[in-house]
Protein chains: 2
Amino acid sequence: MILSEQQLSLIEEFGVYQENNGFQPAVARVMGLLLVSDRAELTFDEISEALSISKSATSNALNMLLNTGNIEYTTFPGDRKRYFRIKSSNWREFFLKRMEDLSYLNGLLKRALDVRKRDNPIYDAKLNDFISFMDYMQNRMPSLIEEWEKSRK
Amino acid sequence: MILSEQQLSLIEEFGVYQENNGFQPAVARVMGLLLVSDRAELTFDEISEALSISKSATSNALNMLLNTGNIEYTTFPGDRKRYFRIKSSNWREFFLKRMEDLSYLNGLLKRALDVRKRDNPIYDAKLNDFISFMDYMQNRMPSLIEEWEKSRK
DNA sequence: TCATTAGTTCATAATTTACAGAACTAAAAT
DNA sequence: ATTTTAGTTCTGTAAATTATGAACTAATGA
């Protein structure tokens, strides 16, 4: 497989981004490759070779991404290879996961307000502000998604 | 300083959450402590003792958090100690940073669409969907914040 | 002037992580 | 029957991370 300079550097940049999201370097590169490659579906060996990573690292990365639902694969009759691709539904899920993560944080902050007996209630007010803001965002999210869907018809 | 069981376990839970956000364990615990402690402002030694971490780890954590703008401190005349607290403006900034992070990702995805010459344009459509969704969210964000501010008067 | 306080800095130790390489397996092909 | 294919699993290790403890500093206090 031939990758342009642009593709190679985008794989790296996307890789670093996903490392910051908690993915292992090699795992993040595999996602990057599947994102930018000209063919949407790549085999085990193509991935291993394109990224110069060992078979064990490739195996680990692909199973990781399969387990987390970030990729999937298809097969073709008379061909034992699996063809891996990014799960197309994944993008929307990605956004929703981010929102869920924020409401988990919001839950922690609510509990913090609950357990601490603050000397100075000014700090409580600031935190309450944020909690109410997050609650508001969460409530508005479904209608925002709906509006977007309408807007693009 | 006395911390209840609830406070201690919330520090840990918040700590793990912030570790996933890229903070070092000890740094994450310091944030947790400042979040749940009954007094909003704590000294170097109080933090070190409450979390049973060494002075060097405490120094490192506090400077880390000062540099990233997550905490700040005040002093009092005739008292050499610094009193550390969570930066109150920080919560809103936290949310905005998350949004910025998503638009950075969106930029990467736009570049991916640009550089890859996809065999099957179905995959392009899915990605375009997400990009347009993210663009929509970004555009709506300022007015959403405004609406929230109005709604709470 | 000497001791104490409030930290900082440095060398180093203890984990943790992330990957390579080799040996292995199960199914299919010859 | 045995070879090839398409991976998986195991062991070892290099590198990175994270924290400790001891030595240090700069300011204040006695």
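Throughout, a chain's letter reflects where its sequence line sits, starting with A, and its residues are numbered from 1.
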So, under a plain 3.5 Å distance rule, would you say the side chain of R80(A) forms a donor-acceptor pair with the base of dT5(D)? yes
Atom CG of D79(A) and atom P of dT5(D) are separated, to the nearest Å, by 13 Å
At 4.0 Å (heavy atoms only), tell me whether A26(A) reaches a base, stays on the sugar-phosphate, or touches nothing. sugar-phosphate
Over 12 non-hydrogen atoms of neighbours within 6.0 angstrom of CD in Q6(A): no
Can a donor-acceptor pair under 3.5 Å be found between the side-chain atoms of S59(A) and the base atoms of dG7(D)? no
Which is true for N60(B) with a 4.0 Å heavy-atom rule: it touches a base, it touches only sugar-phosphate, or it touches nothing? nothing
Can you tell me the distance, in whole Å, between the CD atom of E49(B) and the P atom of dA6(C)? 11 Å
Check this for me: does the side-chain of S56(A) come within 3.5 Å of the base of dA20(C) through a donor and an acceptor? yes
In terms of the nearest nucleotide of DNA chain C, which residue is placed more toward the 5' end: G78(A) or T58(A)? T58(A)
Side chain of R82(A), heavy atoms from C-beta onward: which of dA19(D), dT8(D), dT8(C) has the nearest atom to it? dT8(D)
Starting at CZ of F44(B) and ending at C1' of dT5(C), how long is that distance when rounded to a whole Å? 12 Å
Of all the nucleotides listed (dC19(C), dT20(D), dT8(C)), which has the minimum atom distance to the side chain of Q24(A)? dC19(C)
In whole angstroms, the gap separating C1' of dA6(C) from CZ of F76(B) amounts to 16 Å
Quick one: label L62(B) by what it contacts on the DNA or RNA (base, sugar-phosphate, nothing), any heavy atom closer than 4.0 Å. nothing
Closest to side chain of K55(A), choosing from dA19(D), dC19(C), dA6(D): dA6(D)
Can you tell me if Q7(A) and S37(A) form a side-chain donor-acceptor pair at under 3.5 Å? no
Counting any heavy atom closer than 4.0 Å, what does S52(A) reach on the DNA or RNA strands: base, sugar-phosphate only, or nothing? sugar-phosphate
Mind checking whether F94(B) and F130(A) have parallel, tilted or perpendicular rings, split at 30° and 60°? perpendicular
Sole residue of R85(A), R82(A), K87(A) in salt bridge (charged side-chain N to carboxylate O under 4.0 Å, His left out) with E72(A): R85(A)
Can you measure L42(B) atom CG to dA6(C) atom P for me and round it to whole angstrom units? 15 Å
Within this structure, what is the CD-to-P distance between E19(A) and dA18(C), rounded to whole angstrom? 8 Å
Show, in sequence, the C-alpha distance, side-chain angles and deciding distance for K55(B) and E49(B), and conclude whether the salt bridge (Lys or Arg N to Asp or Glu O under 4.0 Å) test is met. CA-CA 9 Å; K55(B) 295 209 311 171; E49(B) 279 164 33; over 6 Å; no
What's the NZ-P distance between K81(B) and dG29(D), to the nearest Å? 12 Å
Could you tell me the separation between the CG atom of D45(A) and the P atom of dG7(D), rounded to a whole number of Å? 7 Å
